[in-house]
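One structure is given below, represented as structure tokens, and several questions about it will come after.
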Amino acid sequence: MKTIKIALVGQPNVGKSQLINAISGAHLHVGNFSGVTVEYKKVEFDRGDYHIEMIDLPGLYSLDAYTPEEEVTKKYLMNEDYDLIINVVDANTIARNLNLTLQLCTLEKKMVVAFNMYDEIKKMGGDIDTDRFFDITGIKAVNTSAKEKTGVEKLFDISIQAYNDSTYKCKLSYDERIEEEARKIAKILEKEKFKLPARFIAIRLLQEDPDIYQMVHDRPIFLEVHEPLQKAIERLKIEFDEEDIKDVFADERVALAKGIVHQILKAPKKETLTDKIDNILIHPILGLPIFLFFMYAIFWLTFEVGSIPMDYIDTVFGNISEASARMLPEGFVNSAISEGIIPAVGAVVMFLPNILILFFGINILEQTGYMARAAYVMDGVLKHFGLQGKSFIPLVSGFGCTVPAYMAARTLKNPKDRLITMLVLGFMSCGARLPVYVLLVGAFFAPAIQSDVMFGIYIGGAILGLITAKVLRLTLFKGEPEPFVMEMPKYRFPSLKALGLDLWIKTKMYLKKAGTFIATAAFIIWFLSSYPVNSAQIEQFDKKIEMAQSDNEKSRLEIEKNSWILEHSYLADMGKAIEPVLRPIGFDWKMSVAAISGLAAKEVVVSTLAVLYHTSDEDKNLTDVIKKNIPFAAAISMIILIMIYSPCLAAMSTFYAEIPQWAWRAFYTIYPNVLAWILAFISYNILT
Amino acid sequence: MKLSELPIGQKAKIKKITTSDEGIKNRLHSLGLAKGETVQMLKFTLAKGTYEISAADSRVALRKEEAESIEVEEI
């Protein structure tokens with residue numbers, strides 16, 4: 001059986017993913033491109049005598065890559081081995097899409113075209129003549145509708161045909177004046193062996209493509225080709241009366257695409273639904289409140305509905321932990337698994353429903369086309385803080401959980417915007433910090449103003465985030481405001497299958513992480529808080545517990561024993577070591593340990609405080625104990641620290657995975673803690 | 001005149017794109033905003049900070065800075 005490797009290429013929003021979902025009998029794999037976190041999907045399936053391996057590349061508007069994702073696709077197309085390109089074209093916007101088709105043509109790989117979402121133009125009385133398209137371009141094409149599953153099988157038929165067709169040739173070419181210059185350059189280039197076709201390199205060089213220029217620059221042939229190239233570019237500029245050679249090519253492509261469209265397309269009636277919806281959703285005055293309402297709705301669902309299965313998951317993990325404690329032989333392994341790893345993994349898995357709901361909401365906004373409108377509406381506000389419209393979605397998600405929020409920042413194409421957004425995202429207090437706030441606010445503020453204080457903490461974090469963004473923009477990310485140019489796609493009904501599939505993939509990846517990274521981190525924290533063991537001391541405690549008269553006495557001794565172990569653990573050593581650093585903001589070693597343990601997960605701060613301050617009843621007594629043992633000014637310090645300092649390990653590792661540069665990783669690891677310390681220091685000194 | 005000066009509903013032909021940012025120019029080109037193309041102003045936000053226009057066969061949102069870098073001629 002022969003294997004055909006296919007690259008699935010198209011502009012964003014052409015329905016490539018839906019097309020993949022419409023393939024029957026396909027196996028789907030999801031992975032990351034090496035070195036970057038751009039996700040890819042690969043599908044494998046058999047048709048006749050052929051095994052087809054198809055990779056879904058991130059959407060790109062043109063080979064003049066602009067975003068990191070586009071860069072990935074461009075690199076793949078130029079450097080990887082594949083047999084055939086399937087170019088997916090949105091039937092609604094053929095002219096614009098053909099710009100890319102023309103560029104793909106120059107790669108001199110076999111190619112077929114799918115005019116996708118054909119059903120949409122068909123409904124409006126439009127049609128596309130694929131035979132005529134073949135006559136003009138030499139490229140086989142088919143009208144497809146991923147939604148109605150039409151044309152998909154035919155797409156693979158013509159792909160296999162094209163694969164076996166030795167006479168395949170793309171007939172598209174630029175203006176003869178451009179082709180002539182390209183031929184001259186290509187002739188020089190042919191003296192040296194390149195992986196890419198000489199005409200492709202020549203045409204890219206004429207367009208001043210920096211990647212290709214760099215590639216040729218490193219070769220000996222560069223000396224020979226450099227001068228003729230500059231002269232050719234000058235000649236073309238004069239010939240076409242343009243100051244910029246890029247305009248020459250852009251105009252050419254637009255004209256060519258228009259010519260083709262004119263010959264193959266029977267224009268559909270104009271779609272007016274999008275206009276009507278836009279009149280309301282991005283109304284100059286109503287737009288913002290409507291947007292805020294949608295955000296509030298997603299929020300509400302995430303927390304209200306998401307909290308329903310939480311208790312259930314908690315119970316399940318509690319049972320697993322108990323069962324493993326019973327079944328495993330007593331000792332190190334038993335304790336590590338049933339006391340360290342399982343509860344910690346459970347605490348993370350508990351947030352899976354929230355995360356899925358949040359992503360479900362975000363996916364719906366994205367698939368319907370509303371996300372682009374939200375960015376449009378918010379852009380004006382966020383611009384003042386050095387952010388842009390698209391930053392809003394990850395920032396809002398940050399109130400739920402920082403982990404998916406970092407991932408949501410992928411929708412930001414510009415690396416600077418994305419980095420700033422991710423750097424301030426931690427200031428949006430996540431759900432896990434709520435218990436800490438509840439504890440401290442409950443202990444130190446009158447009931448009447450508690451909810452106001454809580455609200456203030458959340459708003460304060462958001463404002464701090466915006467101010468920090470502004471400062472970052474003015475210092476480390478200096479320069480012009482990042483351009484905001486974005487396509488506003490047509491409104492569409494979301495595909496439930498695609499939504500479901502996406503959530504399933506998210507679930508799998510999340511659980512995988514919980515089982516690997518979180519489990520390891522939990523094990524380390526558990527180990528540090530339980531060791532070294534002084535068996536003589538423990539025996540003494542055990543004896544006392546055995547002799548205890550009442551249950552009350554027993555549980556008191558149990559707590560005493562645990563806190564003794566903790567106080568003599570490695571974690572306590574670390575707390576005492578770090579105490580001098582945190583002393584100026586009012587922390588003793590116990591608060592220091594709590595703060596450190598909060599790096600594992602913010603909920604741990606509460607449980608650590610509970611153990612360190614000797615109490616059995618977490619809910620009620622702890623508030624009193626905390627009130628007795630921690631001065632007011634130190635408690636405020638603690639709130640400020642929790643608001644600002646590094647998020648949990650899960651979030652940090654997500655950031656590291658998303659951002660490959662070590663300098664930014666280091667900055668991200670240090671600056672929130674420094675900022676937290678300074679602000680806590682100021683408040684502590686004002687209050688004492 | 002500049003694209004940013006068009007009133008809502010007005011159609012115009014693109015005369016020139018003056019931005020010096022190559023990346024953004026490429027992006028505008030690939031969204032169908034090139035010389036000779038017809039655009040129509042659809043909407044802008046209250047403060048005229050962000051614009052929505054239709055070009056070729058797509059809708060594009062862009063900021064004031066980018067809208068100012070596109071020279072057009074009313075038709």
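Throughout, protein chains are lettered first and strands after them, A, B, ... in sequence-line order, and every chain is numbered starting at 1.
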Closest approach of A:Tyr61 and B:Leu31, non-hydrogen atoms and distance? CE2-CD2, 3.5 Å

Could you go step by step and tell me if A:Glu487 and B:Arg27 meet the salt bridge (Lys or Arg N to Asp or Glu O under 4.0 Å) rule? CA-CA 10 Å; A:Glu487 188 191 351; B:Arg27 171 53 34 105; over 6 Å; no

Are A:Lys258 and B:Glu37 within salt-bridge range, i.e. N to O under 4.0 Å?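 Salt bridge between A:Lys258 and B:Glu37, a charged N being under 4.0 Å from a carboxylate O: yes.
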
Answer key: most heavy-atom pairs under 4.5 Å with chain B among A:Gln103, A:Arg373, A:Glu70 is A:Glu70

Interface moiety of B:Leu28 toward chain A, non-hydrogen atoms closer than 4.5 Å: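 Interface part for B:Leu28: side chain.
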
Taking NZ, NE, NH1 and NH2 as the nitrogens, is one of them in B:Arg63 or A:Asp379 under 4.0 Å from a carboxylate oxygen of the other? yes

If I compare all heavy atoms of B:Leu46 with all of A:Pro284, which pair ends up nearest, and what's the gap? CG-O, 3.8 Å

From OG1 (B:Thr45) to NE2 (A:His283), nearest 0.5 Å: 12.5 Å

Reported OG1-to-CD distance for the pair B:Thr18 and A:Glu243, which is rounded to 0.5 angstrom: 10.0 Å

side-chain contact (heavy atoms from CB on, under 4.5 Å), that's the test. Do A:Met486 and B:Leu62 meet it? Break it down for me. CA-CA 6 Å; A:Met486 197 179 62; B:Leu62 33 73; over 6 Å; no

Return the option, out of A:Asn279, A:Leu288, A:Asn99, with the maximum number of heavy-atom pairs under 4.5 Å with chain B.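 The candidate making the most pairs under 4.5 Å is A:Asn279.
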
Strictly below 4.0 Å, N to O, side chains only: are B:Glu65 and A:Lys383 in salt-bridge contact?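 Salt bridge present between B:Glu65 and A:Lys383.
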
At a 4.5 Å cut-off on heavy atoms, which part of B:Ala47 comes close to chain A: side chain, backbone, both, or neither? neither

List the atom of B:Ser58, the atom of A:Thr93, and the distance in Å for their closest heavy-atom pair.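 Where B:Ser58 meets A:Thr93 most closely, the heavy atoms are CB-CG2, 4.4 Å.
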
Looking at A:Ile94, A:Val261, A:Thr274, A:Asp90, which one has more heavy-atom pairs under 4.5 Å with chain B than the rest?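 Heavy-atom pair counts peak at A:Thr274.
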
Sort A:Ile282 into side chain, backbone, both or neither according to what part of it lies under 4.5 angstrom from a heavy atom of chain B.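 Both backbone and side chain of A:Ile282 come within 4.5 Å of chain B.
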
Give me the atom names and distance for the closest heavy-atom approach of B:His29 to A:Asp247. CE1-OD1, 3.1 Å

Take atom NZ of A:Lys74 as the centre, draw a 6.0 Å sphere, and report whether it contains more than 12 heavy atoms from other residues, nucleotides or ligands.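 Above 12, so yes.
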
Which atoms form the tightest heavy-atom contact between B:Gly32 and A:Arg96, and what is the distance? N-CG, 4.0 Å

Look at B:Lys25 together with A:Asp64 and state whether they make a salt bridge at an N to O cut-off of under 4.0 Å.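 A:Asp64 and B:Lys25: not salt-bridged.
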
Given that the side chain runs from C-beta out, which part of A:Asp251 has a heavy atom under 4.5 Å from chain B: side chain, backbone, both or neither? side chain

Engaged part of A:Glu208 at the chain B interface, taking heavy atoms whose separation is under 4.5 Å: neither

Between B:Arg59 and A:Asp275, is the closest basic N to carboxylate O distance under 4.0 Å?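 A salt bridge links A:Asp275 with B:Arg59.
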
Taking every heavy-atom pair that is under 4.5 Å apart, which of B:Ser54, B:Gly36, B:Ser30 has the most such pairs with chain A?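 Between B:Ser54, B:Gly36, B:Ser30, the count favours B:Ser30.
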
Given heavy-atom pairs under 4.5 angstrom as the criterion, report whether the side chain, backbone, both or neither of A:Asn97 touches chain B.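 For A:Asn97, no heavy atom lies under 4.5 Å from chain B.
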
Side chain, backbone, both or neither: which part of A:Val485 has a non-hydrogen atom closer than 4.5 Å to chain B?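 Answer is both: backbone and side chain atoms of A:Val485 are under 4.5 Å from chain B.
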
